Amino acid sequence: MKLNIAYPVNGSQKKINIEDKNKVRCFMEKRIGQEVEATTLGDEFKGYVFKITGGNDTEGFPMMQGVGAPTRVRLLLDGRSGCFNPTRDGERKRKSVRGCIVAEDIASLQLIIVKKGDAEIPGLTDVSFPASKGPKRASNIRKLFKLSKDEDVRSFVIRRELPATDKRKAKSKAPKIQRLVTPTTVARRKALRAKKAARHTKASNEAAEYAKLVAQRQQAKAKRSVKVSSKKVVAK
């Protein structure tokens, strides 16, 4: 069985191939999401606790969370169920998937180190791969560096250094900060609000003038009708 072990703290990952089935018996009949003590893998894994996140059987069918079976089953899947990528809206398809219970015919398991043991695992816990990209959203940058709202987050953006090549010089790249509130943004929003208020005021004034004009015309029409009726009475 192949074990793909990830250590999110250091950002490292390592694949270990174990031929002896007795060593991996601690994972048998366990479900996706369960935490397992890896005492049977060897002395170098003493004290380690792994969390099962997924796996594949010998023919490549993936394990699916929520399917309580140690065998392969055929399910009608859509885009929200997982293990299926539809090509059009509303598409469904019946596909074969593995249950979420680990069995002997599982060829590979994906694991995450939840608790580190006493000894270091070479190539996994003794190395560190820092994230090459930092947060983009302004609130997340403030949270990462513990900044106040008065401090400018633009000087704390994590830049990525790009080495020089035959076609370009060495340079650095930084992401565009999302949801950044600057004095320009405040002024733009203020101008938009003022423009909206001016439109509302103009519309109200025009409506009042129109109502006044309609009232005057109705009064004039009423006077004319009175004069016409009086002339008809006199003529009789």
Side-chain angles (χ1 to χ4, degrees), residues 1-28 30-58 60-65 82-83 98 100-147 153-178:
M1 182 183 289
K2 295 180 181 178
L3 302 179
N4 295 320
I5 306 174
Y7 191 39
V9 176
N10 291 353
S12 56
Q13 186 175 354
K14 186 178 182 180
K15 182 176 69 175
I16 300 174
N17 192 5
I18 298 178
E19 299 292 343
D20 190 1
K21 293 184 178 180
N22 292 327
K23 290 185 177 181
V24 296
R25 66 179 184 272
C26 59
F27 300 106
M28 295 302 164
K30 297 295 191 298
R31 295 172 177 263
I32 294 178
Q34 279 189 311
E35 297 181 0
V36 182
E37 294 183 2
T39 54
T40 61
L41 295 179
D43 296 335
E44 63 272 18
F45 295 96
K46 185 178 180 181
Y48 280 87
V49 178
F50 295 142
K51 181 180 179 181
I52 303 173
T53 58
N56 299 82
D57 62 2
T58 55
F61 291 95
M63 298 174 64
M64 186 174 179
Q65 178 68 287
C83 296
R98 292 285 311 188
C100 65
I101 302 176
V102 181
E104 292 185 357
D105 53 349
I106 294 295
S108 65
L109 273 179
Q110 281 77 44
L111 307 173
I112 290 179
I113 297 178
V114 178
K115 180 181 178 182
K116 185 180 176 182
D118 301 332
E120 298 283 351
I121 300 176
L124 184 61
T125 58
D126 58 349
V127 295
S128 179
F129 297 96
S132 61
K133 298 180 181 179
K136 293 178 62 178
R137 191 180 300 176
S139 60
N140 292 337
I141 297 175
R142 289 192 182 95
K143 184 178 178 181
L144 178 63
F145 293 100
K146 298 180 180 180
L147 304 176
V153 299
R154 288 175 287 186
S155 57
F156 291 90
V157 181
I158 298 177
R159 305 189 67 88
R160 185 159 54 98
E161 301 295 334
L162 299 177
T165 60
D166 299 336
K167 298 183 180 180
R168 59 174 171 80
K169 298 180 181 179
K171 63 179 183 178
S172 62
K173 292 181 67 177
K176 180 182 178 182
I177 303 176
Q178 304 295 322

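Numbers here simply count residues along the sequence, with the first being 1. What you see below is based on every heavy atom in this structure, not just the backbone, and it leaves out hydrogens, waters and symmetry mates. Predicted, not measured: the structure shown is a model, and the values here were computed from it.
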Q: Please say which of Asp57, Asn56, Val102 ends up in a side chain to side chain contact (heavy atoms under 4.5 Å, CB included) with Met63.
A: Val102
Q | Sole residue of Thr125, Leu111, Ile112 in side chain to side chain contact (heavy atoms under 4.5 Å, CB included) with Ile5 | A | Leu111
State, yes or no, whether a side-chain contact exists between [X] and [Y] at a heavy-atom distance under 4.5 Å.
X      : Y      : answer
Phe145 : Ile158 : yes
Val157 : Pro175 : yes
Ile16  : Leu124 : no
Leu41  : Leu3   : yes

Using a 6.0 Å cut-off, check whether atom [atom1] of [X] has over 12 heavy atoms from anything other than its own residue.
X     : atom1 : result
Glu37 : CD    : no
Asp43 : CG    : no
Lys14 : NZ    : yes
Arg31 : CZ    : no

Considering non-hydrogen atoms only, spot the tightest contact between [X] and [Y] and give its length.
X      : Y      : value
Pro8   : Ile113 : CD-O, 4.3 Å
Arg98  : Ala103 : NH2-CB, 3.8 Å
Val24  : Ile18  : CG1-CG2, 4.0 Å
Cys100 : Gln65  : CB-OE1, 3.9 Å
Lys136 : Lys176 : CE-O, 3.7 Å
Ala38  : Cys26  : CA-SG, 4.5 Å

Q: Quick one: list whatever passes side chain to side chain donor-acceptor pair (under 3.5 Å) with Lys116, sequence neighbours left out.
A: Glu120
Rounded distance (nearest 0.5 Å) linking atom [atom1] of [X] with atom [atom2] of [Y]:
X      : Y      : atom1 : atom2 : result
Glu104 : Thr58  : CD    : OG1   : 12.0 Å
Arg137 : Arg142 : CZ    : CZ    : 12.5 Å
Lys2   : Lys15  : NZ    : NZ    : 4.5 Å
Met1   : Lys21  : CE    : NZ    : 9.0 Å
Lys133 : Arg159 : NZ    : CZ    : 14.5 Å

Q: May I ask you to decide if the ring planes of Phe50 and Phe27 are parallel, tilted or perpendicular, using 30° and 60° as cut-offs?
A: parallel
Q.
Between Arg25 and Asn22 (side chain of the first, backbone of the second, donor and acceptor by atom type, cut-off under 3.5 Å), is there such a pair?
A. yes
